[in-house]
Amino acid sequence: MHLAYPAVLAVLLFCVGVYGVLARRNAILVLMSVELMLNAVNLNLVAFDVWLRDVVHSGQALTLFTITIAAAEIGLGLAIVLLVYRNRGSSDVDRLTDLAEPPEHGPSEHGTPGHGDGTAPEAGAADGTAADQNAEATA
């Protein structure tokens with residue numbers, strides 16, 4: 001068997017997978033592209049195992065490990081994509097860059113608690129008027 005045929009096919013599969021990962025926006029298609037890349041690796045492992053006439057068949061053993069890892073990756077990946085789609089209504093990869101919701105009023109730039117605009121709350125208000133004003137501003 002010529003080694004060039006499966007090697008060229010593996011290169012084509014891998015290139016299609018890389019294109020799919022870089023160009024697609026849908027998370028399901030990105031996962032499918034990753035699977036194409038892993039299948040290209042599997043094809044190379046088996047082809048080189050046959051070409052080298054390995055007695056131990058280490059290429060085929062590594063292929064079984066790769067298939068196991070790919071199955072686990074697809075299971076977890078699909079679960080994550082389904083949860084994201086349920087929560088966000090879209091599986092667009094570009095819209096998933098910030099997964100955490102920004103806080104309404106967090107610490108200011110200097111690390112002191114404030115109103116988000118860099119001003120600290122009034123420390124001398126014993127009757128709670130500053131806290132009441134802050135609660136009304138956030139409501």
Residues D54, Q60; criterion side chain to side chain contact (heavy atoms under 4.5 Å, CB included); working and verdict: CA-CA 10 Å; D54 189 15; Q60 294 178 16; over 6 Å; no
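- Clustering ILVMFWY residues whenever any of their side-chain heavy atoms sit less than 4.5 angstrom apart, transitively, puts I28 in a cluster other than the one holding V93.
- Of the inter-residue distances, the one linking L36 atom CG with L12 atom CG reads 11.5 Å to the nearest 0.5 angstrom.
- Criterion: ILVMFWY side-chain heavy atoms under 4.5 Å apart, direct or through other members. Under it, M32 and V81 are part of a common hydrophobic cluster.
- Checked options N26, L82, V30; the residue passing with S91 is N26 (criterion: side-chain contact (heavy atoms from CB on, under 4.5 Å)).
- Atoms CG and CG, from L43 and L38 in turn, are 12.5 Å apart once rounded to the nearest 0.5 Å.
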Check against side chain to side chain contact (heavy atoms under 4.5 Å, CB included), V11 and V8: CA-CA 5 Å; V11 166; V8 168; 5.6 Å; no
Steps toward side chain to side chain contact (heavy atoms under 4.5 Å, CB included) verdict (L3, F48): CA-CA 7 Å; L3 186 61; F48 277 97; 3.4 Å; yes
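- Both L22 and M37 are part of a single hydrophobic cluster, where members link through side-chain heavy atoms under 4.5 Å apart.
- The minimum heavy-atom distance linking A40 with F14 is given by the pair CB-N, 3.7 Å.
- Both L29 and I74 belong to a single network of hydrophobic side chains, linked directly or stepwise wherever heavy atoms of I, L, V, M, F, W or Y lie under 4.5 Å apart.
- Both L13 and V16 are part of a single hydrophobic cluster, where members link through side-chain heavy atoms under 4.5 Å apart.
- Annotation: the span from L62 atom CG to N44 atom CG amounts to 12.5 Å, rounded to 0.5 Å.
- In terms of heavy-atom proximity, G20 sits nearest to S33 at CA-OG, 3.2 Å.
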